[in-house]
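What follows is a single structure, written as structure tokens, with notes after it.
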Amino acid sequence: MVYRWRKLVTFLVKIRFIFIFGILLVVYNEYLHYYIVLWQCNWPSLAYSKRDSVRVVALADTHLLGSREGHWFDKLRREWQMEQAFQVSVWLNQPHAVFVLGDLFDEGKWCDDIEFQFHVERFRKKFRIPENTLLFAVAGNHDIGFHYAIDENKLRRFERAFNTSSVQLLQIKGNIFVLLTSMAFEGDGCQMCREAESSLWRIIRDLDCARGVLKNCSSTIAAYSRPVLLQHFPLYRKSDSHCTGPDAADSVEKRKQMAPRWGCLAKDISDKILDQLRPRLVVSGHTHHFCFTVHRDNIQEWTVPSFSWRNKNNPSFLLIAINNGSFAVEKCYLPNEHTVIIIYVFGLIIVLLSSCLHCCFKFHTARQNHVD
């Protein structure tokens with residue numbers, strides 16, 4: 001027995017370099033690498049006073065896997081990546097609010113109520129926030145289904161879970177945000193669509209009253225500023241052919257025409273939103289690829305790519321600084337999945353080469369001793 005323990009100790013001493021190097025490699029890739037990459041991203045500067053500015057993080061399409069699709073290791077790996085990236089980002093940037101722009105879950109549209117609640121708790125754990133930070137979510141087609149597949153229960157359980165509604169107006173430090181459930185703007189006259197459109201037009205009337213366009217009215221808005229619109233689907237555009245950047249779609253995907261009501265909002269609904277809501281900034285998700293679009297009247301739309309390595313090997317998110325006079329947007333990249341894999345491969349090569357060199361050295365030394 002003592003002899004066996006001595007052999008085990010001797011073996012562990014011999015492989016101590018490999019063991020220590022392996023631990024350091026994992027610690028760097030799974031912890032330190034996130035800090036190094038995300039530390040390079042800073043809040044954008046505003047043209048006006050920062051006293052009343054709001055710092056906002058916007059991300060999209062986390063797609064937490066369910067019980068039906070995806071391998072367990074795929075689920076473990078990609079969800080650890082999202083949790084680590086999100087927690088490091090919040091710790092470094094300390095935003096006032098976080099907006100998750102739909103498709104929080106991959107299989108929400110198929111879940112029963114018990115499984116859905118299980119995924120809600122998983123989401124809250126992985127995307128936990130400090131007490132002084134607010135988190136808001138809009139529904140995506142994977143959360144409640146496309147328009148044709150939505151029922152009352154799917155819609156209401158998402159709204160209850162995240163304290164939201166199909167149309168929601170928020171006021172944060174005097175800045176106005178409007179959140180829309182894209183699938184509720186199909187324009188086919190269904191009850192969900194009628195309720196959503198009615199709520200949106202009430203908000204538009206409230207905004208018009210606050211900016212003095214309407215007379216003899218009262219508004220719930222203390223001080224008017226053009227709203228920031230956040231939703232899952234992008235506003236209408238023909239394609240992603242104008243989109244640029246390393247996280248934009250590939251050339252084949254860019255040439256595809258966007259399908260209204262599936263890949264983006266319909267043109268008539270988009271025109272009404274641009275003309276009547278008059279947003280100063282639009283932030284959307286859904287496509288899994290980055291895109292910057294300028295609509296009429298110089299209205300900017302930033303489409304955020306998927307936050308998950310499962311959909312994008314180089315995910316990104318937005319840091320948005322907003323005040324009553326202006327806004328500024330900075331795109332921040334998460335660690336690239338290919339880079340992490342390359343680091344692991346090089347680490348493995350170093351370990352193998354070191355082991356071979358060690359064995360060669362031992363063989364050469366033993367041979368020399370035998371000759372002597």
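- For the pair Arg280 and Phe327, the NZ or CZ position fails the cation-pi test of under 6.0 Å to the six-membered ring centre and within 45 degrees of the ring normal.
- Under 4.0 Å is where a charged nitrogen must lie from a carboxylate oxygen, and between Glu337 and Arg78 at least one such pair does.
- Every residue was checked against the disulfide (SG to SG under 2.5 Å) condition with Cys264, not counting sequence neighbours, and none meets it.
- Partner of Ile299 under the side-chain contact (heavy atoms from CB on, under 4.5 Å) criterion, out of Leu229, Leu277, Leu235, Val282: Val282 alone.
- Residues forming a disulfide (SG to SG under 2.5 Å) with Cys209 (at least two apart in sequence, or on another chain): Cys217.
- One finds no salt bridge joining Asp275 and Lys272 here, because no Lys/Arg side-chain nitrogen approaches an Asp/Glu carboxylate oxygen to under 4.0 Å.
- At a threshold of 4.0 Å, the pair Glu83-Arg128 counts as salt-bridged, since one of the basic side-chain nitrogens sits closer than that to a carboxylate oxygen.
- By the 4.0 Å N-to-carboxylate-O rule, Glu152 lies close enough to Arg156 to be salt-bridged with it.
- Because its NZ or CZ atom is not both nearer than 6.0 Å to the ring centre of Phe86 and within 45° of the ring axis, Lys126 does not count as a cation-pi partner of that residue.
- Electrostatic pairing of Arg157 and Asp113 counts as a salt bridge here, judged by a charged N lying under 4.0 Å from a carboxylate O.
- Looking at residues two or more places apart in sequence or on another chain, you find no side chain to side chain contact (heavy atoms under 4.5 Å, CB included) involving Ala223.
- With sequence neighbours left out, Ser241 forms a side-chain hydrogen bond (donor to acceptor under 3.5 Å, both in side chains) with Ser239.
- Under the 4.0 Å criterion applied to side-chain N and carboxylate O atoms, Lys312 and Asp61 are not assigned as salt-bridge partners.
- The ring pair (Phe, Tyr, Trp, His ring centres under 6.0 Å) pairs that include a residue from residues 169-199 are Phe99-Phe177, where partners are two or more places apart or lie in different chains.
- The aromatic ring centroids of Tyr148 and Trp262 lie less than 6.0 Å from each other.
- In terms of the side chain to side chain contact (heavy atoms under 4.5 Å, CB included) criterion, residue partners of Asp188 (sequence neighbours excluded) are, by chain and number, His147, Glu186, Cys190, Cys193.
- Arg68 has a carboxylate O that lies under 4.0 Å from a charged side-chain N of Glu115, or vice versa, which qualifies the two as a salt bridge.
- Of the charged side-chain nitrogens involved, at least one lies within less than 4.0 Å of a carboxylate oxygen, so that Asp271 and Arg296 count as a salt-bridged pair.
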